[in-house]
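Sequence lines set the chain letters: A, B, ... in the order given, protein chains first and strands last, and positions in each chain run from 1. Note that the coordinates shown come from a computational prediction; the quantities given were computed from them, not determined experimentally.
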Amino acid sequence: MIRTRFAPSPTGFLHIGGARTALFSWAYARRHGGTFILRIEDTDVARSTPEAVQAILDGMDWLGLDYDEGPYYQMQRMDRYKEVIRQMLAAGTAYLCYTSPEELEAMREAQRARNEKPRYDGRWRPSLANEPVKVLPDPPAGILPAVRFRNPADGMVAWNDLVKGRISIANAELDDFVIARGDGTPTYNFCVVVDDWDMKISHVIRGDDHVNNTPRQINIFKALGAPLPHYGHLSMILGDDGQKLSKRHGAVSVMQYEEEGYLPEAVLNYLARLGWSHGDDETFSMEQFCAWFELDHITASAAQFNTEKLNWLNAHYLKQADDARLAEETLRRLARQGVDGRGFTDLPRVMALYKGRVANLNELADAAHAFCIALHPAPELVQLHLTEPVRAALRTLSAKLADVAWEAPALSLAIKETLAGHAMKMPQLAIPLRVVLLGQPQSPAIDAVLEVLGRERVQERIGRLLA
RNA sequence: GACCCUAUCGUCUAGAGGCCUAGGACAAUACCCUUUCACGGUAUGAACCCGGGUUCGAAUCCCGGUGGGGUCGCCA
């Protein structure tokens with residue numbers, strides 16, 4: 001049984017890298033008829049917030065990444081962690097360490113000065129029966145001891161990473177890390193192991209930044225006698241500029257993509273294709289993705305985010321999107337700008353007219369805005385396009401439109417007759433008409449615009465400009 | 001600095017020793033379509049990091065260098 005999990009820490013929004021990790025974990029479970037679990041890693045009380053939890057939930061929800069179990073919260077599993085720590089202390093796979101933070105800092109400082117890898121020197125690590133006897137100092141008063149894991153001193157830790165292949169590291173590189181703080185609260189590397197064990201996680205799919213945690217976690221699994229999950233580490237996503245993404249630089253919430261007018265299916269497709277491939281396939285549904293998804297076609301190196309390709313995918317999905325859905329989305333976006341578009345009942349037809357030519361939902365909303373409410377064209381546009389000959393032609397056209405059948409072919413004919421009568425070419429009238437009707441010189445085919453806008457609005461808008 | 005990972009067009013990638021004169025997509029450029037702007041269509045330019053091996057044969061396997069990334073917390 002395949003069981004995967006997404007385990008974010010609620011210290012900020014769900015960003016694009018986290019979203020891709022979630023997507024791949026989710027897809028792997030879906031691919032194999034397994035279970036996808038959401039677990040909130042909130043043991044850092046100082047930085048975790050309920051708002052961040054909600055932001056993550058919202059992001060997952062918007063993307064449609066549904067989970068079968070959870071969300072579990074680590075803070076609610078304290079008793080379990082403490083129980084395991086007691087067991088480890090009793091078994092001798094963990095021990096109390098009275099080194100103060102100041103001492104640790106001094107230790108690391110000295111090591112760095114010697115160009116060594118900074119790490120705990122094991123001063124409170126008790127000797128084992130088969131080791132030379134070591135006399136520990138008396139526990140100093142007033143210091144609450146942390147609990148450290150007794151990492152094996154020799155040998156190698158190795159695993160076959162599902163995306164990177166075999167990775168091995170010498171135990172000598174690993175120090176005895178803290179699994180419980182002085183106040184008794186457990187730390188990340190420990191909680192993850194207990195959770196992955198208890199939740200029977202079969203495949204841990206997570207970011208590259210956890211590669212160095214994996215050998216430590218494997219050692220805890222072994223100390224606990226627990227079965228090991230499989231591990232797959234996804235490479236990082238770099239920003240558009242090739243720089244690493246961070247809270248300060250380039251990392252944005254997935255919900256910001258929603259705000260910027262991206263369709264979730266476009267973001268999903270883009271993310272799926274960033275670091276994963278299925279031959280030359282570029283556009284595919286999540287159903288197809290889940291049917292195809294395997295870990296063996298994931299790229300092992302970091303990938304640079306490319307907004308232009310995302311834009312292209314968004315335009316692609318916009319063209320295919322259902323008009324009623326787009327109209328609903330447009331209404332919501334207009335409302336955010338304080339515009340009530342509900343008076344314009346033909347919104348789906350506006351969507352049909354524009355969805356093939358815009359890059360995002362906000363542009364669609366901007367287009368719809370001009371249909372719902374008569375916008376005042378910029379004075380320069382009026383001056384440039386509404387010359388006296390044009391005004392005369394518009395008067396003729398307006399008269400013709402009064403009793404023409406309100407369908408594109410008839411409207412087109414009315415325009416062409418007007419053109420003939422005034423010795424004008426199509427653009428000479430169509431462009432000013434666009435300015436008059438929509439406030440800007442570009443639009444879809446003018447007859448289609450007239451048809452969707454409706455007789456009443458067209459006449460009203462022409463009349464107002466001619467007055 | 002140490003350790004771990006990584007390296008194909010500007011970007012995302014295909015590529016599992018001969019199918020490679022290295023394919024696709026985005027972006028770029030040109031042309032076509034056209035009722036404006038887009039959309040769309042067609043075409044063009046554009047890459048195997050470097051050096052050694054292994055092999056009849058290497059983008060592909062091995063080693064080294066270099067570049068990039070990650071980690072080195074009583075953060076997650």
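Side-chain rings of Tyr188(A) and His210(A) approach one another, their centers coming within less than 6.0 Å. A distance of 6.0 Å or more separates the ring centres of Tyr270(A) and Tyr262(A).
Residue Ala303(A) is in sugar-phosphate contact alone, with no base atom involved, counting any heavy-atom pair closer than 4.0 Å across all strands shown. Residue contacts shown for Ala430(A) include a base, since a base heavy atom lies under 4.0 Å away. Residue Asp183(A) is out of contact with every strand shown, counting any heavy-atom pair closer than 4.0 Å. Here Thr43(A) lies in heavy-atom contact (under 4.0 Å) with sugar-phosphate atoms only. Nucleic acid contact for Gly356(A): sugar-phosphate only, since backbone atoms but no base atoms lie under 4.0 Å from a heavy atom of the residue. At the heavy-atom level, Thr99(A) lies under 4.0 Å from base atoms of the strands shown. Using a 4.0 Å heavy-atom distance criterion, Leu313(A) is classed as making no nucleic acid contact. Thr185(A) comes within contact range of no nucleotide atom at all, as no heavy-atom separation falls under 4.0 Å. Among the atoms of the strands shown, only primed sugar atoms or phosphate atoms (P, OP1, OP2) are found under 4.0 Å from some heavy atom of Arg148(A). Heavy atoms of Glu41(A) sit under 4.0 angstrom from primed sugar atoms or phosphate atoms, though from no base atom. The residue Lys425(A) sits apart from the nucleic acid: no heavy atom pair falls under 4.0 Å. Nucleic acid contact class of Ile167(A) (heavy atoms, under 4.0 Å, all strands): sugar-phosphate only. At the heavy-atom level, Pro215(A) lies nowhere under 4.0 Å from the strands shown. Within the nucleic acid shown, Gly275(A) comes within 4.0 Å of sugar-phosphate atoms alone, with no base atom in reach, counting heavy atoms only.
Under the Watson-Crick or G-U wobble criterion, with both distances below 3.5 Å, C3(B) is paired with G70(B). With a cut-off of 3.5 Å on both Watson-Crick or G-U wobble distances, the partner of C31(B) is given as G41(B).
For A14(B), the OP1/OP2 oxygens have no side-chain nitrogen or oxygen of His297(A) closer than 4.0 Å. For the pair Lys416(A) and U35(B), the criterion of a side-chain N or O lying under 4.0 Å from OP1 or OP2 is not met. Residue Thr187(A) places none of its side-chain N or O atoms closer than 4.0 Å to OP1 or OP2 of C74(B). Distances shorter than 4.0 Å separate some side-chain N or O of Thr299(A) from OP1 or OP2 on U13(B). Residue Arg216(A) places none of its side-chain N or O atoms closer than 4.0 Å to OP1 or OP2 of C4(B).
The nearest whole Å value for the distance from the NZ atom in Lys309(A) to the C1' atom in C26(B) is 5 Å. Atoms CG (Asp241(A)) and P (C12(B)) sit 12 Å apart, rounded to a whole Å. When the C1' atom of C72(B) is taken as reference, atom CG of Asp121(A) falls 15 Å away, rounded to whole Å. Between Tyr98(A) atom OH and C74(B) atom P there is a gap of 17 Å when expressed in whole angstrom units. The distance from atom CZ of Arg273(A) to atom P of U11(B) is 15 Å, rounded to the nearest whole Å. Put simply, CG on Asn213(A) is 11 Å from P on G73(B), counting in whole angstrom units. Separating the CG atom of Asp176(A) from the C1' atom of C72(B) is a distance of 15 Å, rounded to the nearest angstrom. Summarising the geometry, the separation between NE2 on His278(A) and C1' on C12(B) is reported as 17 Å, rounded to the nearest angstrom.
When distances are taken from the side chain of Asn212(A) to each of G73(B), C3(B), U35(B), the shortest belongs to C3(B). When distances are taken from the side chain of Gln74(A) to each of A27(B), A76(B), G70(B), the shortest belongs to A76(B). Among the nucleotides C3(B), U35(B), C5(B), the one closest to the side chain of Pro427(A) is U35(B). Of all nucleotides listed (C74(B), A27(B), A7(B)), A7(B) comes nearest to the side chain of Ser301(A). Here the side chain of Met236(A) is nearest to one of C74(B), G69(B), U6(B), namely G69(B). In this structure, the nucleotide among U36(B), A25(B), A76(B) sitting nearest to the side chain of Trp312(A) is A25(B). Minimum atom distance to the side chain of Arg181(A) is reached by A76(B), of the listed A76(B), G73(B), C12(B). Relative to the side chain of Asp44(A), the nucleotides A76(B), G73(B), U35(B) differ in distance, and A76(B) lies closest.
Between C56(B) and C48(B), the distance separating the two P atoms is 27 Å to the nearest Å. When the P atom is used for both A25(B) and G40(B), the distance is 13 Å, rounded to whole Å. Comparing the same atom, C1', in A58(B) and in C63(B) gives a spacing of 15 Å after rounding to whole Å. Spacing of P atoms, C9(B) relative to A14(B), comes out at 12 Å, to the nearest Å. Using atom C1' as the reference point in both A47(B) and U13(B), the two lie 12 Å apart (nearest Å).
Of the N and O atoms on the side chains of Ser235(A) and Asp208(A), not one donor lies less than 3.5 Å from an acceptor on the other residue.
Interface remark: the Asp208(A) side chain does not form any donor-acceptor pair with the G70(B) base, using a distance-only criterion of under 3.5 Å. Taking 3.5 Å as the limit, the base of U35(B) and the side chain of Arg434(A) contain a donor-acceptor pair of atoms between them. In the interface, the side chain of Arg47(A) is paired with the base of C75(B) through a donor and an acceptor atom under 3.5 Å apart. Taking only distance into account, the side chain of Asp281(A) never meets the base of A25(B) through a donor-acceptor pair shorter than 3.5 Å.
Although no hydrogens or angles enter the test, the distance criterion places a donor-acceptor pair under 3.5 Å between the side chain of Asp42(A) and the main chain of Met75(A).
In this structure, the side chains of Tyr120(A) and Cys97(A) come closer than 4.5 Å at one or more pairs of heavy atoms. For the pair Leu23(A)/Leu63(A), no side-chain contact is recorded, criterion being any heavy-atom separation below 4.5 Å from C-beta on.
Cation-pi geometry between Arg77(A) and Tyr73(A) is not met: the NZ or CZ atom fails to fall both under 6.0 Å from the ring centre and inside 45° of the normal.
Using a 4.0 Å cut-off between charged side-chain N and carboxylate O, Asp447(A) and Lys416(A) make no salt bridge. Under the 4.0 Å criterion applied to side-chain N and carboxylate O atoms, Lys355(A) and Asp323(A) are assigned as salt-bridge partners.
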